[in-house]
Amino acid sequence: MENAEVVAMLGEIADLLELKEESPFKVRAYRRAAQVVDTLPVPVSELGQRGELGGLPGVGPHTAARIAQFLETGTCDELERLRGQVPSGVSELLRVEGVGPKTAALVWKELDITSVDALEEAARSGELIQLPRMGPKRAKAIASAVGRYRARLGRVPLHRALPYAEALVARLREIPGVTQALAAGSLRRRMETVGDVDLLVASTEPEKVVRAFPNLPGVASLLARGPTRSSVRLRTGLQVDLRVIPPESFGAALHYFTGSKAHNIALRTRAVRRGLKVSEYGVFDAKGRRVAGEREEDVFRAVGLPWIPPELREGLGELEAAEAGRLPELIEEEDMRGDLHVHSEASSDASSSLEELAAAARKLGRRYVAITDHSRSRPQGLDEARLRAHVRHIRRVDRGLHGRPHLLTGLEVDILADGALDLDEEVLAELDCVVASVHSRFNMDAEEMTERIVHALRSGVVHVLGHPSGRLIGSRDPYPFDLERVLEVAREEGVALEVNAQPERLDLTDQACRLAKEVGVKLMISSDAHNARHLENLRYGVWVARRGWVEARDVLNTLPLSEFRRRLRRARRVPGYTWTGEEAGLSP
DNA sequence: GCCGTTTTCGGCCCGACTGTTTTCAGTCG
């Protein structure tokens, strides 16, 4: 987890240098170094101890020294020097969408604005408009972006919290007397963002655990401590609450603190009707005798239900489904055989070679991987000629891999503003897997955007609609479009919808997955990896699908390769082939 | 700040989009 802290330190230096309007190349050097550390497969401290930091690409003597000092002391001179020159609220302005370094520096120097609050006030009062290149539209956009910034404050994306929670749980388990330790709360339900982390520990010696807790790695400060509970703040700002439970109540406490609130209320209501009382200490009968509590399964059994996976506990019909014996058999990460949206270094925003991607995919147990780089409209995207050369390269590398894994040819083709695809359909028809995505003109109205997507789905050469809503968690809202209409056309055309597993995207969302399943549209869960390390992110997509009640059979890339290929071929209207949804098995 | 077999200085990715402008600066990816 210290890698993430080093990444944050380098990023902050870059931000501050940018606000001081120093050389953009210096700024870029720090950003590049941050990116390299972020994708490092080993703890950066290991390299530090061996004096090998300078051997990393993009890390020269200066940056290596700053990282080394940071690892040793938790900060570095350069960072502190810069923090002394830029008021602390100014770099926060950069988190507001549409405000970059130039605008932040301008409002700071011209209007003495050093906080998001002051920025909002200036945007609303009209004060901002006095500035050069600042008109009413930009002022309005900034004011509304501040609203979105506030809405995401205090919540962190799952992938930022999970590694810390996992590391803390592992350390808690090492404390003598601890029999169980688990993360509960929204993190256990795998929600896309979490407010804080709730950790539960079973032990007969709570004092010992509570005393050890603030000394665990990553903890910055102790917020509160009682005999059986404690709260700390991590250096990243994340709050972590610990509760120590007697072993006989652990299952009940785990259920209670996992939530959700709606699920708990529904379960307690059900218990009351059966003359039982459910609390975090156990399930009790009318005479106050404990009838369950040690194991979570027993809590459910006491109220006449099978165990319900945490991802389903949102009060959205899971109790009724459990009662009727119709809980889905949720998809597992182990079901995933293929990854169908992966960028190689042929994309300007990606960095791994085909060989590196194949090696990483093999380690993760993937059987097949489609290489889907960007099309012409993206910076340095592939045109027809470069795509053909790229396809030959993919096939050459694939031959050397002997199926471990299989590399498929593909493309992430842009859906242009009018719904046309960014490359000639004849060329696209030669590829194994075509992902079609919207990357531009997000501000269309819903009707136009829906038509744009539908037109692309009707092309007959698209296998899957990539990141269908375009949202970025906490920073960009989904563009407006009619999901039900898109699902209807996808079903007619035999096109799958992607569950993009990039932790900032998670697109489709959980509830959209559930809708797709209900109307009989198949899904593909893909990493959208931009380097080999990102292939691991597939698990985030699997969790979203689980929250959407999705089973392995709803997801095409759980199929063995031969069957997967058959599905893709059938789902496409290539010359000489007449497609029907029924034959493809894609009807509801 | 980093890099390099065109190397110790001079270059470093770039195009789309937007809102502000009458030719372009700033942001984003």
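A, B, ... follow the sequence lines: proteins, then strands. Residue 1 opens every chain.
Using a 3.5 Å distance cut-off with no hydrogens or angles, the side chains of Gln502(A) and His341(A) do not pair a donor with an acceptor. For Ser344(A) and Asp373(A), the side-chain atoms include at least one donor-acceptor pair closer than 3.5 Å. Side-chain atoms of Asn531(A) and Ser352(A) include no donor-acceptor pair closer than 3.5 Å.
Within 6.0 Å of the CD atom in Glu355(A), the count of heavy atoms belonging to other residues, nucleotides or ligands exceeds 12.
Only the P atoms considered, dT21(B) is 15 Å distant from dT27(B), to the nearest whole Å. Atom name C1', nucleotides dT7(B) and dC14(B): the rounded distance is 26 Å, in whole Å. Nucleotides dG1(B) and dT6(B) place their C1' atoms 22 Å apart, quoted to the nearest Å. The P atoms of dC17(B) and dT23(B) are separated by 23 Å, rounded to the nearest whole Å. Nucleotides dT8(B) and dC3(B), compared at atom C1', are 11 Å apart to the nearest Å. A distance of about 25 Å separates the P atoms of dG11(B) and dA16(B), rounded to the whole Å. Taking the C1' atoms as reference points, dC12(B) lies 29 Å from dG19(B), given to the whole Å. For the P atoms, the distance from dG26(B) to dT20(B) is 14 Å, rounded to whole Å.
Base pairing of dC2(B): its partner is dG11(B), meeting the Watson-Crick or G-U wobble criterion (both donor-acceptor distances under 3.5 Å).
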Original post:
What does nucleotides 20-29 of chain B look like as a protein-contact string, B for base, S for sugar-phosphate only, - for none, at under 4.0 angstrom between heavy atoms?
Top reply: B---BSSSSB
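Between Trp543(A) and Tyr540(A), the two ring planes are perpendicular [angle over 60°; tilted spans 30° to 60°]. Taking the six-membered ring where tryptophan is involved, the planes of His530(A) and His374(A) are tilted, since the angle between them lies from 30° to 60°.
Atom NE2 of His374(A) is separated from atom P of dA16(B) by 14 Å (rounded to the nearest Å).
Contact between the side-chain N/O atoms of Asn443(A) and the OP1/OP2 oxygens of dT18(B) is found at a separation under 4.0 Å.
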**OP:** Give the C-alpha distance, both sets of side-chain angles, the deciding distance and a yes or no for salt bridge (Lys or Arg N to Asp or Glu O under 4.0 Å) between Asp432(A) and Arg395(A).
**Re:** CA-CA 11 Å; Asp432(A) 295 321; Arg395(A) 295 206 171 115; 5.3 Å; no
**OP:** Check step by step if side chain to side chain contact (heavy atoms under 4.5 Å, CB included) holds for Leu16(A) and Arg83(A).
**Re:** CA-CA 7 Å; Leu16(A) 293 168; Arg83(A) 278 178 174 168; 4.0 Å; yes
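With sequence neighbours excluded, the residues that form a salt bridge (charged side-chain N to carboxylate O under 4.0 Å, His left out) with Arg189(A) are Glu314(A).
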Report, one pair per line, the protein and nucleotides 1-9 of chain B atoms (nitrogen or oxygen only) whose separation is under 3.5 Å.
from	atom 1	to	atom 2	distance (Å)
dG1(B)	OP1	Arg66(A)	NH2	3.1
dG1(B)	O3'	Thr63(A)	OG1	3.2
dC2(B)	OP1	Gly60(A)	N	2.6
dC2(B)	OP1	Gly60(A)	O	3.1
dC2(B)	OP1	Thr63(A)	N	3.2
dC2(B)	OP1	Thr63(A)	OG1	2.8
dC2(B)	OP2	His62(A)	ND1	3.3
dC3(B)	OP1	Gly58(A)	N	2.7

